[in-house]
Asker: 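Shown below is the structure under consideration.
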Amino acid sequence: MMAEETQATEAVRTAARSARAAAPSLAGASDGAIDAALGAMAGALQDPASSVLAANADDMRAAADNGLPAGVRDRLRLDEGRLKAMAAQLEILAGVAPEPVSRKVRDLPGGLVLSERRRPVGVIGANFEARPNVVVDIASQLVKSRNAGVLRTGSAALRSAIALADQVIAPSLAAAGLDQAAIQLVRVPGQAAAYALVREPKLIPLVILRGSGDSTRALAAEGAAHGVRTLAHADGGGVLYLHSSSERAVASTLIASSLDRLGVCNRLNLLLIDEQLWDAWLPGITEQLAGLGIKASLPPHDHPLGYEWALDSEREATVTIAPAAGPALAAAIANEETSGLAAGIAATDQAAAQEFLAAYTGTGAFWNATTRLLDGFKLFEVPETGINLDAVPGPRGPVTFRDLTLRQFVVMPC
């Protein structure tokens with residue numbers, strides 16, 4: 001094993017053992033203590049004496065010196081406004097009623113009763129891109145679900161992540177009477193630490209992989225090879241189909257609202273225009289996109305229809321446009337050519353909308369609504385750890401603290 005891999009493996013194992021030892025502190029905590037810790041995190045984020053912004057400024061200078069793209073630097077940046085937004089989400093999460101620990105399922109013969117109990121996983125890992133806000137997002141949801149955690153982020157955000165872990169998360173846990181070692185941050189830079197995180201099934205049985213592209217898929221495959229369950233978000237990209245019955249004003253609004261941010265997975269990626277509208281609407285739509293600073297990729301395409309522009313830092317301000325011959329065929333394109341994250345239809349014809357919704361099998365389906373709504377906070381008013389696209393039973397769509405528990409069936413006398 002190379003020195004870098006050895007260092008990464010030891011760092012992950014040390015963090016996991018510390019988190020595992022601290023996990024009972026969260027599992028047995030009162031609701032009040034859990035929410036007090038989240039409230040303390042919110043307060044710490046707004047502390048004017050905090051050096052989180054100073055650490056982030058160091059990350060931003062290094063990112064500029066290393067020539068990182070503007071989109072990456074924007075996701076890396078923290079400022080007072082973003083810290084306040086992070087704090088507001090923490091306060092909302094603290095106010096969310098906890099899920100019941102146990103519920104009765106039914107009575108059994110012989111004077112017995114069957115109950116279903118929710119139990120923490122124990123230690124959950126998380127690997128995510130260089131986005132400092134995600135450090136707090138995921139840590140807060142692990143705490144709310146009473147799980148300890150081992151977090152690993154991209155090297156570009158490591159200074160910011162360390163400041164958030166040491167000045168916001170750990171002191172807040174301690175202030176609430178919880179073991180501050182419950183949330184660990186891997187402090188070794190480099191991709192080797194990400195792979196080490198998904199190779200420890202006994203210490204970290206579940207890992208959240210929040211990111212996009214080939215690297216996330218590779219980590220999911222590595223985890224599967226080592227017996228580690230992963231909740232992976234490897235791809236995204238929203239689809240919008242403009243049916244022949246759609247209203248131009250509604251279509252324009254949906255296009256604009258779906259492109260308010262370009263570096264996120266649920267943004268408009270592929271725009272399908274009904275063949276009956278193609279000649280009349282295409283000029284106006286390309287003009288609208290140009291006004292938004294977006295380039296239209298028109299037929300014949302030199303790339304797959306589902307090519308994800310959000311992953312292309314040089315050309316993320318692009319939307320693919322293609323014709324579609326009806327609702328079922330538009331849904332088929334979305335099913336077959338994209339990742340299956342989210343697709344929507346703009347239509348006044350209810351039958352056409354229902355045909356599209358019935359045919360589309362992806363994670364989120366929308367009628368006269370933007371795919372940007374496929375976000376944990378927008379849908380549920382609860383932060384998410386990521387969006388799971390797996391087409392199998394289990395949490396699908398935005399994964400929140402409610403999904404980070406195990407089911408245990410308990411049979412006992414009435």
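The figures here come from the full heavy-atom set of this structure, side chains too, leaving out hydrogens, waters and symmetry mates.
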Asker: Hey, is the main chain of Gly340 close enough, under 3.5 Å, to the side chain of Thr363 for a donor-acceptor pair?
Answerer: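 Answer holds: yes.
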
Asker: What I'd like to find out is whether the side chain of Pro201 reaches to under 4.5 Å of the side chain of Arg229, using heavy atoms alone.
Answerer: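 Result no, sub-4.5 Å side-chain heavy-atom pair not found.
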
Asker: State whether Arg396 and Asp390 are salt-bridged, where the test is any N-O pair (Lys NZ or Arg NE/NH1/NH2 against Asp/Glu carboxylate O) under 4.0 Å.
Answerer: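 Asp390 and Arg396: not salt-bridged.
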
Asker: Starting at OG of Ser18, measure out to CG of Asp179 and round the result to the nearest 0.5 Å.
Answerer: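 Here the interatomic distance stands at 9.0 Å.
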
Asker: Would you call Arg146 and Asp31 a side-chain contact if the rule is heavy atoms closer than 4.5 Å?
Answerer: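 Side chain of Arg146 against side chain of Asp31, heavy atoms only: contact under 4.5 Å found.
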
Asker: So among Asp59, Asp58, Asp65, which one has a salt bridge (charged side-chain N to carboxylate O under 4.0 Å, His left out) with Arg61?
Answerer: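 Single pass found, and it is Asp58.
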
Asker: With side chains defined as the heavy atoms from C-beta onward, is the minimum distance between Arg82 and Asn133 less than 4.5 Å?
Answerer: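 No, every pair of side-chain atoms sits at 4.5 Å or beyond.
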
Asker: My understanding is that only one of Asn147, Leu142, Val96, Ile138 makes a side chain to side chain contact (heavy atoms under 4.5 Å, CB included) with Phe401; could you say which?
Answerer: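 Of the listed residues Asn147, Leu142, Val96, Ile138, the side chain to side chain contact (heavy atoms under 4.5 Å, CB included) partner of Phe401 is Val96.
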
Asker: Consider salt bridge (charged side-chain N to carboxylate O under 4.0 Å, His left out). Of Arg13, Arg20, Arg17, which one does Glu200 pass it with?
Answerer: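 Answer after filtering Arg13, Arg20, Arg17: Arg13.
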
Asker: Decide, yes or no, whether a salt bridge links Arg261 with Asp375 under the criterion of side-chain N to carboxylate O below 4.0 Å.
Answerer: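 Asp375 and Arg261: not salt-bridged.
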
Asker: Looking only at heavy atoms, which two atoms of Pro120 and Leu406 are closest? And how far apart?
Answerer: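 Result for this residue pair: O-CD1, 4.0 Å.
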
Asker: Is it the case that the side chains of Glu247 and Thr348 hold a donor-acceptor pair, with the cut-off being a distance below 3.5 Å and no angle test?
Answerer: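 No, no side-chain donor-acceptor contact under 3.5 Å.
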
Asker: Go through the steps for Leu151 and Gln184 under the test side chain to side chain contact (heavy atoms under 4.5 Å, CB included), then give the verdict.
Answerer: CA-CA 6 Å; Leu151 314 184; Gln184 294 286 316; over 6 Å; no

Asker: Tell me the closest heavy-atom pair linking Asn269 and Gly306, and the distance in Å.
Answerer: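 Closest approach of Asn269 to Gly306, heavy atoms only: ND2-O, 3.6 Å.
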
Asker: Check step by step if side chain to side chain contact (heavy atoms under 4.5 Å, CB included) holds for Lys295 and Arg315.
Answerer: CA-CA 9 Å; Lys295 178 182 178 181; Arg315 299 182 295 171; over 6 Å; no

Asker: Say whether, by atom type as modelled, one donor and one acceptor occur between the side chain of Glu116 and the main chain of Ser102 under 3.5 angstrom.
Answerer: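 No, Glu116 side chain to Ser102 backbone: no donor-acceptor pair under 3.5 Å.
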
Asker: Evaluate side chain to side chain contact (heavy atoms under 4.5 Å, CB included) for Leu282 paired with Leu298, printing each intermediate quantity in order.
Answerer: CA-CA 10 Å; Leu282 183 60; Leu298 300 171; 3.9 Å; yes

Asker: Rounded to the nearest 0.5 Å, how far apart are OG of Ser215 and CD of Gln191?
Answerer: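 The OG atom of Ser215 sits 6.0 Å away from the CD atom of Gln191.
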
Asker: Identify which one of Ile208, Thr385, Ile387 satisfies the side chain to side chain contact (heavy atoms under 4.5 Å, CB included) criterion when paired with Val399.
Answerer: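 Result for side chain to side chain contact (heavy atoms under 4.5 Å, CB included) with Val399: Thr385.
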
Asker: Does the side chain of Leu78 come within less than 4.5 Å of Met86's, by heavy atoms?
Answerer: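 With C-beta onward as the side chain, the pair touches.
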
Asker: Does the structure place the NZ or CZ of Arg248 under 6.0 Å from the centre of the six-membered ring of Trp281, at an angle of no more than 45° from the ring's axis?
Answerer: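 Yes, Arg248 and Trp281 form such a contact.
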
Asker: Could you tell me whether Lys144 and Asp137 have a side-chain N and a carboxylate O separated by less than 4.0 Å?
Answerer: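 Looking at Asp137 together with Lys144, the answer is no, because their closest N to O distance does not fall below 4.0 Å.
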
Asker: Quiz question: by atom type and distance under 3.5 Å, do the side chains of Ser245 and Asp349 form a donor-acceptor pair?
Answerer: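 No.
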
Asker: For Ala232, is there any backbone N or O sitting under 3.5 Å from a side-chain donor or acceptor partner on Thr230?
Answerer: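 It does not hold such a pair.
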
Asker: If every non-hydrogen atom of Ser246 is compared with every non-hydrogen atom of Ala346, which pair is closest and at what distance?
Answerer: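 Looking at all heavy atoms of both residues, the closest pair is CB-O, 3.0 Å.
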
Asker: Is a donor on one side and an acceptor on the other found under 3.5 Å between the side chain of Ser115 and the backbone of Lys104?
Answerer: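 The answer is no, because no donor-acceptor pair under 3.5 Å joins these two groups.
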
Asker: For Trp309 together with His303, are the ring centres under 6.0 Å from each other?
Answerer: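 Here the rings of Trp309 and His303 have centres that are less than 6.0 Å from each other.
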
Asker: Would you say Ser145 and Thr405 are linked by a side-chain donor-acceptor pair, where the criterion is simply a distance under 3.5 Å?
Answerer: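 No.
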
Asker: Under 3.5 Å, side chain of Asn66 to main-chain N/O of Leu68, donor-acceptor pair present?
Answerer: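 No.
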
Asker: Counting only N and O atoms by type, is there a donor-acceptor contact under 3.5 Å from the side chain of Asn127 to the main-chain atoms of Leu209?
Answerer: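 Such a contact is absent between Asn127 side chain and Leu209 backbone.
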
Asker: Rounded to the nearest 0.5 Å, how far does CG of Leu231 lie from CG of Asp403?
Answerer: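 If we round to the nearest 0.5 Å, Asp403:CG and Leu231:CG are 8.0 Å apart.
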
Asker: Classify the ring geometry of Phe356 against Tyr241: parallel below 30°, tilted from 30° to 60°, perpendicular beyond 60°.
Answerer: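 Parallel, since the angle between the ring planes stays under 30°.
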
Asker: So for atom CD, which belongs to Gln276, do other residues, nucleotides or ligands contribute more than 12 heavy atoms lying within a distance under 6.0 Å?
Answerer: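 Check fails, neighbour count at 12 or below.
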
Asker: Let me see the working for Tyr195 and Glu5 under side chain to side chain contact (heavy atoms under 4.5 Å, CB included), right down to the final yes or no.
Answerer: CA-CA 9 Å; Tyr195 280 87; Glu5 293 180 352; over 6 Å; no

Asker: Flag yes if more than 12 heavy atoms outside Glu80 fall under 6.0 Å of its CD atom; otherwise flag no.
Answerer: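 Result for CD/Glu80: open.
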
Asker: Check this for me, if you would: do Arg199 and Glu222 make a salt bridge, where the nitrogen-to-carboxylate-oxygen distance has to be below 4.0 angstrom?
Answerer: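 A salt bridge is present here (some side-chain N lies under 4.0 Å from a carboxylate O).
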
Asker: Mind listing the closest non-hydrogen atom pair of Pro323 and Trp278 along with its distance?
Answerer: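 The pair with the smallest heavy-atom distance is N-CZ3, 3.4 Å.
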
Asker: Would you check if Leu341 and Leu374 make a side-chain contact, meaning some heavy-atom pair closer than 4.5 Å?
Answerer: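 With C-beta onward as the side chain, the pair touches.
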
Asker: Stepwise, does the side chain to side chain donor-acceptor pair (under 3.5 Å) test hold for Ser160 with Asn56?
Answerer: CA-CA 5 Å; Ser160 303; Asn56 184 250; 3.1 Å; yes

Asker: Where do Gly190 and Arg152 come nearest, in terms of heavy atoms and distance?
Answerer: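 Closest approach of Gly190 to Arg152, heavy atoms only: O-NH2, 3.1 Å.
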
Asker: Between CG of Leu240 and CD1 of Ile345, what distance do you get to the nearest 0.5 Å?
Answerer: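 So the CG of Leu240 and the CD1 of Ile345 are separated by 9.0 Å.
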
Asker: Is Phe377 close to Gln89 at the side-chain level, that is, under 4.5 Å between some pair of heavy atoms?
Answerer: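 The answer is yes; the side chains approach within 4.5 Å.
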
Asker: Looking at CD1 of Ile124 and CD1 of Ile204, how far apart are the two atoms once the value is rounded to the nearest 0.5 Å?
Answerer: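 If we round to the nearest 0.5 Å, Ile124:CD1 and Ile204:CD1 are 10.5 Å apart.
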
Asker: Would you compute the distance between atom CG of Asn335 and atom OG1 of Thr361 and round it to the nearest 0.5 angstrom?
Answerer: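 Nearest 0.5 Å value for the CG-OG1 distance: 3.5 Å.
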
Asker: Please check if the side chain of Ser30 supplies one atom and the backbone of Ala33 the other of a donor-acceptor pair under 3.5 Å.
Answerer: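 Such a contact is found between Ser30 side chain and Ala33 backbone.
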
Asker: Check whether any side-chain heavy atom of Pro327 sits under 4.5 Å from a side-chain heavy atom of His243, and report yes or no.
Answerer: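 Answer yes - side chains close enough.
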
Asker: Determine, stepwise, if the pair Glu129 / Thr153 fulfils side chain to side chain donor-acceptor pair (under 3.5 Å).
Answerer: CA-CA 6 Å; Glu129 300 163 315; Thr153 189; over 6 Å; no

Asker: So if I apply the side-chain hydrogen bond (donor to acceptor under 3.5 Å, both in side chains) rule between Tyr307 and each of Asp312, Thr318, Thr320, which one comes out positive?
Answerer: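 So, applying the side-chain hydrogen bond (donor to acceptor under 3.5 Å, both in side chains) to Tyr307 and each of Asp312, Thr318, Thr320, only Asp312 qualifies.
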
Asker: Out of Val207, Thr9, Leu219, which one pairs with Leu197 under the side chain to side chain contact (heavy atoms under 4.5 Å, CB included) rule?
Answerer: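 That would be Val207; it is the only one of Val207, Thr9, Leu219 passing the side chain to side chain contact (heavy atoms under 4.5 Å, CB included) with Leu197.
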
Asker: So, for Ala347 and Trp367, which heavy atoms are closest and what is the spacing to 0.1 Å?
Answerer: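 Shortest heavy-atom contact: O-NE1, 3.0 Å.
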
Asker: A side-chain contact here means heavy atoms from C-beta on lying under 4.5 Å apart; do Glu91 and Leu38 qualify?
Answerer: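 In short, these two side chains do not touch, never coming nearer than 4.5 Å.
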
Asker: Does a side chain donor of either Thr371 or Asn266 reach within less than 3.5 Å of an acceptor in the other side chain?
Answerer: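 Looking only at side-chain atoms, Asn266 and Thr371 do not form any donor-acceptor pair under 3.5 Å.
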
